[in-house]
Structure formats: C-alpha cells, structure tokens
**Q** 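Here's a structure for you.
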Amino acid sequence: MDFKLHTPYQPTGDQPTAIKKLTASVEAGNPHQTLLGVTGSGKTFTMANVIANTQKPTLVLAHNKTLAAQLYQEFRDYFPENAVSYFVSYYDYYQPEAYIPTTDTYIEKEADINDEIDKLRLAATTNLLTRKDVIVVASVSCIYNLGSPVEYGQNIFKFIEGEVISQHSFLLRLAQLQYDRSTTDLKRGSFRVRGDTIQVWPAYQDSALKIETLENTITKIQEIDPISGEVLPPMHRDPQTQRYTLWPAKHYTMNPDTREAGIAAIEKELAQQIIDLEKNGKTIESYRLKQKVQYDLDMIREFGFVNGIENYSRYFDGRNPGDPPFTLLDYFKENTKIFNQKSFLTIVDESHMSLPQVRGMFHGDRSRKETLINYGFRLPSALDNRPLQFHEFLERTPQNLYVSATPNEWEMQHSGENIAEQLIRPTGLVDPVIELRPTEHQIEDLVIEVIRRKLQGQRVLVTTLTKKMAEALTEYLNTPEKINALVKDFQTRAAETPDPETPYQQETEFIPIEQIEIGKLAPDFYAHLAPLPKDPLKEYPKVAYLHSDIETLERSDILDDLRSGKYDVLVGINLLREGLDLPEVSLVAILDADKEGFLRSATALIQTMGRAARHENGRTILFADNMTNSMRKSIEETQRRREVQVAYNLQYNITPTGIQKPIREKLLLKEEDEEGTEIAAHKRKGRVIQLKKNEFVNLQDLKPDSLTPDEKEQYIKKLDLKMRRAAVDLDFELAAELRDIIQDLKQ
C-alpha cells in the first residue's frame with residue numbers, strides 16, 4: 001500500500017517551497033537535508049508531505065519520549081491507512097548492571113517492562129518485515145541492540161485451518177517463539193490450553209487467537225477479545241491464503257541450530273579470560289567470572305534464555321568482535337530489501353538535541369561495561385552489546401532530514417544548499433513579544449502575570465534553573481493565602497502614580513538590540529494591563545511540576561491536562577522546550593535568563609520562547625539583570641522571524657488567529673491501583689524517587705534524625721548510586737539535590 005496523506009489543509013505560506021525543495025533533494029538521493037522551521041509553521045505537516053511525495057519507509061527520531069508520543073499521534077492522524085508505529089524504551093524502571101569498585105558494590109540488572117510499550121515495539125518490527133508503508137516514531141533506543149532481523153523474520157510460525165499438526169508440536173513451537181504458558185489468565189505474549197482448544201495472545205497486537213484442534217488437525221481459528229472472549233472479525237490473517245502468521249514474543253531470538261556453536265565459543269572465551277585474569281593476580285575476579293558464565297550457559301542450554309543474554313549476543317548473531325549490533329535501523333534495511341526500495345528516510349526531529357544524544361550513548365555504555373569486565377562480572381564480548389557509534393548511525397541512515405528551529409552548525413554544513421527555511425505560520429501568528437524585567441521581585445511579578453492569564457483562561461509555562469526553585473514556586477502558586485496577600489500588595493503599588501523609573505520591562509517590538517535596556521518602564525505600563533479583582537480570588541491557579549522523574553506516558557497526560565484546564569501553569573527546568581505544541585499557552589516566563597549555560601544558551605532561549613508562538617497574544621518575559629550574548633542572539637533571531645511573519649501578514653491582509661487544536665486520545669490507557677496512583681501523584685510534586693523496582697523514597701520526608709545508623713548507611717549507598725546515575729544522564733539538578741541529602745545523612 002502507498003502512503004496516503006489525510007488532511008483538510010493545503011500547504012500555505014512558505015510550506016509549498018519547503019516541501020518542493022526537500023522532496024527534490026530526497027528524490028535526488030542527497031544524504032543530508034535540513035528544514036529550519038519556527039514553532040507553529042507546520043513542520044510536522046511538511047514532513048508528512050515529504051513522506052507522501054517520496055513514498056519512502058520513514059524513521060522519525062525524537063530525543064525524548066514526550067515528543068515521540070506527540071509525533072506518533074500526529075503522524076497517526078495524517079496516515080490513518082498506513083502502518084504508523086511507536087518505538088521507545090519499554091522500561092518503566094531500569095537499573096543497568098553495574099559495579100562500583102570504591103564501595104565494592106555490585107548492582108544486578110533490574111527492570112520493570114511496560115507491557116503496552118513492548119507491544120508497540122514488537123508491532124513496529126513486525127510491520128517493517130510485512131509492509132512497505134511504514135512510519136516508525138522512535139526515541140534514541142532505536143540505536144540499541146535488538147537482535148538480527150533475519151533471525152527474527154525467519155523464526156515465525158504459519159498455520160491455517162485444516163492443517164495437520166499435533167497439539168504437542170504446536171505448543172512446542174509456541175515455546176520456541178518465547179511465548180509463556182499460563183494456567184490461569186491469558187496475558188500478552190502467552191498461551192493457555194483448555195482441552196482441545198489453544199488460546200494465544202500475540203505479543204504485538206490487541207486481539208488473541210483461539211485455535212480449536214481435533215485429532216491432530218486444526219479445525220477452526222478465530223480472533224477473540226483476550227479479556228471477554230468475544231469473537232472478533234478476522235483482521236490479522238493473510239487475505240489471499242487465509243493463513244495466520246505468528247511472530248516471536250521477544251525481539252531477541254536464538255536459532256537452535258547455532259546455539260551449541262555459540263556456547264562453545266563462549267566457553268573458549270571464558271577459558272582465555274580466566275587465564276588473563278589469573279596472570280594479573282585477579283584470582284577472585286577469575287573465580288567470580290567462571291561461576292557467573294557457567295551458570296548463564298546452563299540456563300541457555302536448559303531454557304534457551306537467561307537474564308542478560310544480550311551480553312552474549314555476538315556469538316548468536318554471527319558477528320565478529322567489534323562489529324556493531326543489530327538495531328531497528330537494520331529492520332529498515334531489511335524492509336527495503338523485501339519490498340525492493342532504494343533506501344529509507346530518517347527524519348531527525350529537533351536535530352540540535354537528537355544528534356548530540358546519539359553521539360553520547362556509546363561512551364557512557366562502554367565505561368560501565370569495562371568496569372564490569374575488569375572485575376570479573378562479564379566477558380570482554382559484552383562490549384559488543386552496545387548502542388551504535390555516531391559514524392555507524394550515519395552509515396545506516398542513507399538519507400537524513402534534520403528538522404529544527406535552531407539547527408546546529410553540523411547539520412547546516414552537511415546539508416549545504418539543501419536547506420529549506422519555514423518561517424511563516426499559516427495562521428499569521430508571530431513569534432512572541434519579548435519583555436525584559438529585572439530579577440528583583442521576579443517571583444511576585446510572575447505570580448501577578450499568572451493570575452492575569454488565569455482570569456483570561458490562558459496557560460503559562462515557567463522555566464527555572466533548579467528543581468528546588470521549581471518545587472518552591474509550585475508550592476507557592478498552589479497556596480491561596482500567599483496569592484491573596486501578594487495580590488493585595490500589588491494593588492497597593494499599582495494604585496500609586498506610575499513611575500517611569502520603576503524597574504520593570506521594555507517590550508522589544510522591532511527595537512534595535514543596542515537600544516534595549518533592562519528595567520525601563522513606559523509611564524502607561526499599568527494602564528494597558530487587565531486589572532486584578534479587588535476581592536479575594538474565587539479561583540486560584542492550579543500548578544503542576546513537569547520533571548524527569550515522571551513516567552514516560554504520564555508526561556503526555558500532564559500536558560493534556562494543561563491544555564484542558566486542569567492545570568493553569570506548568571513549571572519545569574529543561575523539559576518545556578522542543579516540540580511541545582500547546583496552543584493555549586500565552587506566556588512563557590524564563591527566570592534567571594542571564595545565567596549563561598546549557599539551559600540559558602541562545603538555542604535554549606529561542607526554543608523556550610517559541611512555546612508561546614502558538615497563541616495570538618503570545619508573550620515571553622525574560623527575568624535578567626544583564627544582557628548576555630545568548631540573550632542578545634536569541635532576541636535578534638526572534639525579532640528577525642517576527643518581521644518576516646508581520647510582512648507576510650500585511651502583504652496578504654492576514655489577521656493572526658489562535659490555533660484550535662483538539663486534544664488527542666491518550667497514547668495508552670493504563671489502569672493503576674491506589675498505590676500506583678499515589679506514587680504518580682507524589683512524582684508530579686517532584687518529591688519521590690525510585691531506588692529499586694518496588695522501593696520509593698520521598699526526599700522531603702527523609703529526616704536524618706529519625707533514622708538509625710544502619711538505615712542511614714543503607715540510604716547513603718542507594719542515594720549515592722542514584723546520584724551517580726543522574727550525573728551520567730546529565731540530570732545535574734537531581735544529582736546536586738541527592739548530593740546535599742547524602743551530606744546531611746553523613747553528618
């Protein structure tokens with residue numbers, strides 16, 4: 001089936017030019033092209049048109065799960081007849097195997113897999129091996145080891161009504177595909193037997209199969225609802241042969257014919273590594289490695305699988321030492337072979353963030369594994385279970401389209417002349433007006449602005465530099481007594497004669513950057529603002545804190561809650577930047593904008609300010625005391641884009657209108673017990689972290705005086721591991737917070 005784009009809209013503004021230029025570049029076979037598009041200019045719509053024009057299977061790479069979920073929903077709407085899939089890390093909780101020599105602490109791999117995301121991942125790879133009209137929206141997990149697509153594609157089970165096969169042989173085949181047998185409830189990726197009837201729930205779909213047998217013959221096959229047992233219309237059989245195909249329940253599959261050869265090679269490496277360790281006087285490490293590997297091999301012989309089998313994957317994949325692993329990109333390559341396509345297209349969304357993320361994955365993984373190898377926990381071949389290096393990623397993505405409002409120099413240089421600018425929004429919306437205000441009284445001023453937007457039914461995003469500040473601000477905004485006191489104080493100030501020298505703001509509407517000063521106020525500043533009510537507020541702002549501890553799927557739910565009005569304000573650190581499409585947000589406030597660094601770079605400021613560009617009254621307030629180079633660059637670029645849009649609006653007599661965007665159905669619906677709901681609520685407040693699979697701790701309630709010395713020691717070890725993990729993940733705010741708590745516990 002071909003890609004069929006469903007949309008009531010036609011390309012407008014500079015979209016037709018961008019679509020034409022990018023389509024021509026991709027069809028010419030160019031490896032690199034860039035779309036520089038402002039927020040709200042319809043970059044996703046342009047991407048969809050390029051896919052429809054070129055008819056190439058497409059990987060869309062996003063740098064975080066929230067953005068990936070949003071893109072998945074949008075492409076699913078654009079291409080309802082085609083196979084749009086979602087491929088992100090399926091762990092709700094993941095603690096990789098690690099060893100810390102300084103404390104002699106070994107941490108076993110511990111993971112809690114999200115069943116729904118696992119289903120979507122399996123559906124993505126199944127689609128790639130069975131259809132040519134595939135779009136996969138993925139996170140950086142697409143560059144991690146996934147097992148050979150050839151082995152996965154060959155390890156399938158086809159059956160049809162009337163086929164002669166014994167029940168024992170049928171069940172054995174299911175076990176080889178790594179389906180688990182259940183004696184009670186039917187679960188995804190499992191099967192159960194009731195007399196002559198077999199029920200199987202394929203791991204990659206929502207319906208199950210009911211296979212009736214009689215005297216070694218399949219007499220009837222039906223698709224059923226796995227919960228109710230209701231018979232469903234047949235949707236997953238081949239329309240020509242009426243044959244059903246069952247794919248493996250897990251991505252990593254092992255061919256029984258190569259198992260013994262792989263085990264023999266592992267034993268050979270083990271013997272050599274033991275010799276090397278003992279030569280270096282590492283007797284304990286040698287003994288430890290021998291015990292661990294022999295146990296793993298016994299499990300593989302007996303069950304064909306062991307926890308951590310991916311560390312031996314090189315031997316079962318047929319790879320040589322140092323060869324890159326098989327990843328989702330290899331499934332795309334296999335797709336092009338199966339359907340005789342020249343190549344596939346990779347769209348790197350928010351490329352200024354996504355490409356550095358791809359670059360950084362390999363080094364962190366290798367450092368952790370080298371420690372495990374040196375101390376006898378893993379064989380050296382474990383290094384080949386790794387993410388791709390950046391050059392390997394580029395070798396496996398023959399054609400790339402980089403999409404960003406602020407592409408880096410690397411993308412621009414490699415794209416050469418194949419760069420399309422998209423600065424015009426079809427709605428006429430312009431980039432937000434920028435206000436500069438001093439940091440003195442920034443919290444009080446922000447609260448007033450939040451209340452004004454609340455009274456007008458609008459939403460606000462606030463970015464801070466630290467989690468502690470974000471938490472304090474969230475608590476402040478959620479306290480009615482403090483809000484009323486502040487409003488009363490502001491009304492007293494506003495009643496006085498406005499003073500031109502009062503340090504507030506100056507709007508930057510086409511003002512040359514050299515003339516912009518922080519802290520100058522027009523005499524009519526108070527006059528043009530909506531008045532605040534004299535009586536105490538009847539409705540107070542509802543504020544949520546969006547941060548990195550929130551589960552993958554809850555982030556999208558919180559953003560939807562902001563749009564629907566459950567929350568009026570979201571407070572965050574660096575999670576409110578790329579790709580968030582929130583038309584109800586009329587104000588973005590950036591606290592401490594003059595603190596140079598990653599979170600206040602020119603790129604970060606442009607992206608953050610752009611979140612207000614979807615509203616006709618979009619406005620950004622930069623709280624700062626100095627004009628930094630990053631602020632200067634971001635203001636100049638924002639004003640340049642405003643001028644382009646304003647000129648277009650005047651030429652075509654366009655009045656800017658706000659976006660009316662429906663809130664899509666939730667990506668996944670999950671049932672939570674009372675404990676899970678309570679944990680999620682705590683996480684939204686930013687006070688709970690997960691130490692182990694079933695162990696959570698509320699940092700604000702962790703009082704050193706209430707703990708015994710043994711309890712303190714246990715918390716210090718666990719928090720230290722979490723702190724180091726946060727630092728590796730570049731979550732420096734959490735790492736600093738944990739560092740302070742550890743110091744308090746030690747004292």
**Q** Would you call the rings of Tyr86 and Tyr72 parallel, tilted or perpendicular if under 30° counts as parallel and over 60° as perpendicular?
**A**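 Aromatic pair Tyr86/Tyr72 classed tilted.
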**Q** Using distance alone, with no hydrogens and no angle criterion, decide if Asn484 and Tyr540 have a side-chain donor and acceptor under 3.5 Å apart.
**A**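 Yes, a side-chain donor-acceptor pair sits under 3.5 Å.
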**Q** Do Ile621 and Leu587 have side chains that get closer than 4.5 Å, going by heavy atoms?
**A**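 Result yes, sub-4.5 Å side-chain heavy-atom pair found.
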**Q** Using 4.0 Å as the upper bound for N to carboxylate O, is an ion pair formed by Glu637 and Arg640?
**A**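 So Arg640 pairs with Glu637 through a salt bridge.
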**Q** What are the two closest non-hydrogen atoms of Leu61 and Ser354, and how far apart are they?
**A**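 Minimum heavy-atom separation between Leu61 and Ser354: O-OG, 4.1 Å.
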**Q** So, Asp14 side chain and Leu423 main chain: donor-acceptor pair closer than 3.5 Å or not?
**A**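 Present.
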**Q** Give, for atom CD1 of Ile424 and atom OG1 of Thr17, the distance between the pair rounded to the nearest 0.5 Å.
**A**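 These two atoms lie 8.5 Å from each other.
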**Q** I would like to know whether Glu471 and Tyr545 meet side-chain contact (heavy atoms from CB on, under 4.5 Å); could you show each step before the answer?
**A** CA-CA 7 Å; Glu471 291 171 358; Tyr545 174 34; 3.6 Å; yes
**Q** Would you call Ile573 and Thr466 a side-chain contact if the rule is heavy atoms closer than 4.5 Å?
**A**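 A side-chain contact is absent here, since even the closest heavy-atom pair is not under 4.5 Å.
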**Q** Taking only Lys NZ, Arg NE, NH1 and NH2, and the carboxylate oxygens of Asp or Glu, determine whether Glu435 and Arg437 approach each other closer than 4.0 Å.
**A**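 Arg437 and Glu435: salt-bridged.
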**Q** Does the Gln357 side chain pair with the main chain of His63, one donor and one acceptor, at a distance under 3.5 Å?
**A**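 Checked: pair present.
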**Q** Counting distance only, does the side-chain N/O of Arg600 pair as donor-acceptor with the main-chain N or O of Leu591 below 3.5 Å?
**A**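 Confirmed, Arg600 side chain pairs with Leu591 backbone.
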**Q** Going from CG on Leu71 to CD on Glu74, what distance comes out if it is rounded to the nearest 0.5 angstrom?
**A**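 One gets 6.0 Å once the value is rounded to the nearest 0.5 Å.
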**Q** Does the side-chain hydrogen bond (donor to acceptor under 3.5 Å, both in side chains) test come out yes or no for Asp77 and Gln73, once each step is laid out?
**A** CA-CA 6 Å; Asp77 290 346; Gln73 291 172 320; over 6 Å; no
**Q** At their closest point, which heavy atom of Thr608 faces which heavy atom of Ala604, and how far apart are they?
**A**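 Nearest heavy atoms, Thr608 then Ala604: OG1-O, 2.7 Å.
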**Q** Judged by atom type as modelled, is there a donor-acceptor pair below 3.5 Å linking the side chain of Asn649 to the main-chain atoms of Gly428?
**A**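 Such a contact is found between Asn649 side chain and Gly428 backbone.
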**Q** With a 4.5 Å cut-off on side-chain heavy atoms, are Ser139 and Phe87 touching?
**A**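 No; the side chains remain at least 4.5 Å from each other.
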**Q** I want to check something: taking the side chain as every heavy atom from C-beta on, are Thr46 and Leu35 in contact at a cut-off of under 4.5 Å?
**A**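 Counting from C-beta outward, Thr46 and Leu35 do come under 4.5 Å.
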**Q** Output the distance between atom CG (Asp445) and atom CD (Glu440), rounded to the nearest 0.5 Å.
**A**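 One gets 9.5 Å once the value is rounded to the nearest 0.5 Å.
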**Q** Looking just at side-chain N and O atoms, do Gln15 and Ser41 make a donor-acceptor pair shorter than 3.5 Å?
**A**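 Short answer, no.
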**Q** For Pro541 and Asn478, work out which heavy atoms get closest and say how close.
**A**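 For Pro541 versus Asn478, the nearest heavy atoms are O-OD1, 3.7 Å.
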**Q** State the CG-OG distance between Asn629 and Ser601, to the nearest 0.5 angstrom.
**A**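 These two atoms lie 12.0 Å from each other.
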**Q** I would like to know whether Ile590 and Met609 meet side-chain contact (heavy atoms from CB on, under 4.5 Å); could you show each step before the answer?
**A** CA-CA 8 Å; Ile590 303 175; Met609 292 188 292; 3.9 Å; yes
**Q** Quick check: are there more than 12 heavy atoms from other residues, nucleotides or ligands sitting under 6.0 Å from NZ of Lys595?
**A**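 Atom NZ in Lys595 is packed in, count exceeds 12.
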**Q** Would a 4.5 Å heavy-atom cut-off, applied to side chains only, mark Leu605 and Met631 as touching?
**A**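 Yes - at least one pair of side-chain heavy atoms lies under 4.5 Å apart.
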**Q** Verify, without hydrogens or angle tests, whether Asp594 (side chain) and Asp625 (backbone) share a donor-acceptor contact under 3.5 angstrom.
**A**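 A pair under 3.5 Å: yes.
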**Q** Where do Asn49 and Ile51 land on the side-chain contact (heavy atoms from CB on, under 4.5 Å) test, with the steps shown first?
**A** CA-CA 5 Å; Asn49 275 274; Ile51 293 172; over 6 Å; no
**Q** Can you name the nearest heavy-atom pair linking Phe75 to Val84, along with the distance?
**A**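 Heavy atoms only, the tightest pair is O-CG2, 3.7 Å.
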**Q** Can you find a pair of side-chain heavy atoms, one from Leu719 and one from Ile741, that are under 4.5 Å apart?
**A**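 They are in side-chain contact.
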**Q** What are the two closest heavy atoms between Val403 and Lys43, and how far apart are they?
**A**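 Answer, listing the atom of Val403 first, then Lys43: CG1-CD, 3.6 Å.
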**Q** Strictly by modelled atom types, are Glu411 and Thr34 linked by a side-chain donor-acceptor pair under 3.5 Å?
**A**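 There is no such pair (donor and acceptor under 3.5 Å, judged by atom type) between the side chains of Glu411 and Thr34.
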**Q** List the atom of Ala68, the atom of Val137, and the distance in Å for their closest heavy-atom pair.
**A**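 Closest approach of Ala68 to Val137, heavy atoms only: O-CG1, 3.4 Å.
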**Q** Look at Asp431 together with Arg641 and state whether they make a salt bridge at an N to O cut-off of under 4.0 Å.
**A**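 No, this pair does not count.
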**Q** With Ser586, which of His615, Arg459, Gln458 fulfils side chain to side chain donor-acceptor pair (under 3.5 Å)?
**A**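 Between Ser586 and the candidates, side chain to side chain donor-acceptor pair (under 3.5 Å) is satisfied uniquely by Gln458.
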**Q** Could you give me the CA-CA distance, side-chain angles and deciding distance for Leu473 and Leu446, then say whether side-chain contact (heavy atoms from CB on, under 4.5 Å) is met?
**A** CA-CA 10 Å; Leu473 178 59; Leu446 172 63; 3.8 Å; yes
**Q** Just wondering, more than 12 heavy atoms not from Glu596 lying within 6.0 Å of its CD?
**A**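 Yes, the 6.0 Å shell around CD holds more than 12 heavy atoms from other groups.
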**Q** Roughly how far apart are Gln70 CD and Asn64 CG, rounded to 0.5 Å?
**A**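 Reported to 0.5 Å precision, the distance equals 9.5 Å.
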**Q** Side chains of Thr603 and His352: any donor to acceptor distance under 3.5 Å?
**A**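 Note: His352 and Thr603 side chains miss the donor-acceptor criterion.
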**Q** Can Thr628 and Ser630 be counted as having a side-chain donor-acceptor contact under 3.5 angstrom?
**A**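 There is no such pair between these side chains.
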**Q** Report yes or no: does Gln645 contribute a side-chain atom to a donor-acceptor pair with the main-chain N or O of Arg425 at less than 3.5 Å?
**A**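 Here the side-chain-to-backbone pair exists.
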**Q** Once rounded to the nearest 0.5 Å, what's the spacing between atom CD1 of Ile448 and atom CD1 of Ile443?
**A**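 Going from the CD1 atom of Ile448 to the CD1 atom of Ile443 covers 12.5 Å.
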**Q** Quick check: do Leu559 and Leu570 have side-chain heavy atoms less than 4.5 Å from each other?
**A**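 SC-SC contact between Leu559 and Leu570 confirmed.
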**Q** Between Asp592 and Gln442, is any pair of side-chain heavy atoms under 4.5 Å apart?
**A**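 Yes - at least one pair of side-chain heavy atoms lies under 4.5 Å apart.
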